[in-house]
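Below is one structure, written out as structure tokens, with a few remarks after it.
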Amino acid sequence: MLEIYNTLAREKQEFVPIVPGKVGLYVCGMTVYDYCHLGHARVMVVFDMAVKWLEASGYAVNYVRNITDIDDKIIRRAIENGESIGELTARFIEAMHEDASALGVAPPDHEPRATQYVEHMISMTNTLIAKGLAYPAPNGDVYYSVHDFEGYGRLSGKSLEDLRAGERVEVDPSKRDALDFVLWKSAKPGEPSWDSPWGKGRPGWHIECSAMSEELLGEHFDIHGGGQDLQFPHHENEIAQSEGAHGHKFVNYWMHNGFVRVDDEKMSKSLGNFFTVREVLEKFDAEVVRFFILRAHYRSPLNYSDQHLMDAKAALTRLYTALRRLEVLEVSDHSSCDNLDWDTQYAKRFRAAMDDDFNTPEAIAVLFDMATEANISNSVPLSIQLRKLGGVLGLLQRDPRQFLQGDSKQSQGMSAGQIDTLIQQRTDARKAKDFAESDRVRNELLQAGIILEDGPQGTTWRRA
RNA sequence: GGCGGGGUGGCAGAGUGGUCAUGCAGCGGCCUGCAAAGCCGUCCACACCGGUUCGAUUCCGAUCCCCGCCUCCA
């Protein structure tokens with residue numbers, strides 16, 4: 001039985017889908033004006049893991065992850081770059097797909113773009129006006145009237161009074177209430193715009209998710225996710241919009257993942273302390289990055305540093321080393337766990353961990369216990385199960401040798417051929433009991449970052 | 001200021017009212033020509049002060065400190 005920590009309830013709750021066997025999941029994705037940083041990677045990996053677990057649990061998941069392809073920052077960046085908005089967003093959407101794919105993140109079932117749903121946003125805004133929850137202002141903007149939506153602040157645990165006390169921005173005179181947020185922005189000269197009942201303009205940020213989730217998942221669906229920083233105001237405003245427009249419950253379970261940090265501070269664009277996914281992938285294997293993310297619970301903060309990535313690499317190396325020992329090289333299907341035996345003690349522990357609010361650190365600990373036993377017993381079935389359970393997390397699906405020896409085209413050290421030649425030289429020296437020469441060759445390889453391991457079947461190697 | 005989340009062994013990171021997290025690192029051993037890998041053993045914890053309890057790292061209260069949201073942000 002799966003339990004999910006529901007931000008709305010501030011506690012773990014048993015997951016009960018609206019329609020038995022099915023899950024509707026919406027996750028707020030990227031605003032595409034720059035490369036993904038590690039924070040974005042975390043959202044993608046975490047919800048990819050959640051989808052994989054839901055599927056392994058027998059649910060048919062309808063996963064929607066949107067793309068914001070129109071907003072102030074995009075407009076500004078396009079002007080700075082001297083390119084069109086379409087060129088800019090197409091470029092970064094493609095980059096995002098490359099990053100996601102590298103990290104083993106499966107594409108969502110739907111990836112709607114805001115610009116494709118402007119009609120829906122206009123009609124939803126109209127509905128909100130008709131219901132007295134929104135109003136057009138003299139400046140051509142349309143605002144949501146926060147005061148008129150009962151329960152505003154429930155998700156973020158804030159009251160209107162608290163919010164007012166903490167106001168840090170100057171009040172826009174066209175708003176009736178300082179906390180009202182924009183549904184529709186009137187176009188400034190030169191900006192991209194759409195026709196609407198309130199003149200030319202473009203949608204505000206929050207309305208897109210309300211409109212697109214309704215189109216693709218319906219007015220009421222199971223799980224809505226995103227980074228913790230979206231809890232307020234973005235998700236709070238989505239609730240106000242969707243529940244205001246529909247007159248009933250919007251989402252049953254809200255999931256928020258914790259931040260990636262650098263030196264104990266949130267990694268963010270505004271602080272400028274971010275690392276892009278592609279920067280990190282130049283230094284570290286993508287599976288190591290995925291492992292690093294999944295090694296912490298999704299709601300905990302995750303501190304980034306090279307040292308922590310190196311630790312993650314060492315840990316993942318242990319798992320792959322265990323797999324290599326047993327020569328379990330056949331590649332299994334990533335998504336399928338058809339012939340995974342869930343009745344073993346290990347699988348039960350794994351399941352219990354994952355059912356407990358996606359406790360991946362605990363699930364990974366089970367993997368290590370399996371590796372230890374596999375190393376002792378040399379049990380091939382156990383090793384296969386280790387690989388399959390790893391596969392549920394999107395890990396351990398590669399040929400162990402490929403992981404341990406690295407991709408020859410991306411490593412700038414010795415080629416496999418050179419290494420083999422030196423190993424043969426050393427083997428000959430060892431046969432002749434010339435250990436001085438043998439150790440010299442081994443040291444030469446070590447200098448090149450190659451570690452040798454002598455085994456019953458001969459000498460194998462891996463990259464440090 | 002308001003609201004929320006935390007402080008676990010050298011590092012990372014789970015968890016629990018009373019014998020094990022897990023990984024890396026350290027130490028001792030086995031194995032090895034020597035290593036590496038692996039195995040066995042082992043050291044190092046639960047911010048601080050009170051309270052509840054037969055017993056608290058785990059529950060309650062106070063204190064200190066950190067982080068996040070309240071503004072675009074995953």
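Protein chains get the first letters and strands the later ones, always in sequence-line order, with residue 1 at the start of each.
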TODO: Start with the C-alpha distance between A/S379 and A/E373, add both sets of side-chain angles, then the distance that settles side chain to side chain donor-acceptor pair (under 3.5 Å), and finish with yes or no.
DONE: CA-CA 8 Å; A/S379 158; A/E373 190 185 319; over 6 Å; no
Among [options], the nucleotide that comes nearest once only the side chain of [X] is considered:
X: A/L163; options: B/C70, B/C34, B/C72; answer: B/C70
X: A/D454; options: B/A74, B/C34, B/A37; answer: B/C34
X: A/L230; options: B/C72, B/A74, B/G33; answer: B/A74
X: A/A296; options: B/C40, B/G13, B/A21; answer: B/G13
X: A/T321; options: B/A37, B/C34, B/C67; answer: B/A37
X: A/F232; options: B/G68, B/C39, B/C70; answer: B/C70
X: A/A315; options: B/A74, B/G23, B/A36; answer: B/G23

With the threshold set at 4.0 Å, does a side-chain nitrogen-carboxylate oxygen contact exist between [X] and [Y]?
X: A/D229; Y: A/K266; value: yes
X: A/R164; Y: A/D177; value: yes
X: A/E208; Y: A/R202; value: no
X: A/R278; Y: A/E98; value: yes

Would you classify [X] as touching base, sugar-phosphate or nothing, given that sugar-phosphate means primed atoms plus P, OP1 and OP2, and contacts are heavy atoms under 4.0 Å?
X: A/E453; result: base
X: A/K269; result: nothing
X: A/H256; result: nothing
X: A/M267; result: base

Using whole Å, report how far [atom1] of [X] lies from [atom2] of [N].
X: A/K433; N: B/U32; atom1: NZ; atom2: C1'; answer: 12 Å
X: A/D357; N: B/G15; atom1: CG; atom2: C1'; answer: 14 Å
X: A/N257; N: B/G68; atom1: CG; atom2: P; answer: 15 Å

- [ ] Scan A/Y63, A/Y253, A/W254 and name whichever one has a ring pair (Phe, Tyr, Trp, His ring centres under 6.0 Å) with A/H224.
- [x] A/W254
Taking only side-chain N and O atoms of [X], does any of them lie within less than 4.0 angstrom of OP1 or OP2 on [N]?
X: A/R440; N: B/C34; result: no
X: A/K266; N: B/C69; result: yes
X: A/R318; N: B/G38; result: yes
X: A/N375; N: B/A37; result: no
X: A/R462; N: B/A37; result: yes
X: A/S300; N: B/G6; result: no

- [ ] Would you kindly check whether a donor in the side chain of A/R10 faces an acceptor in the base of B/G4, or vice versa, at under 3.5 angstrom?
- [x] no
Task: Lys NZ or Arg CZ of A/R299 over A/Y5 ring: under 6.0 Å, within 45° - done: yes
Task: Cationic tip of A/K269 above A/Y33 ring, under 6.0 Å, 45° of axis - done: yes
Task: For B/G38, the Watson-Crick or wobble counterpart (both distances under 3.5 Å) - done: B/C30
For nucleotides 26-30 of chain B, print each protein N/O atom paired with a nucleotide N/O atom at under 3.5 Å, atom names and distance only.
none

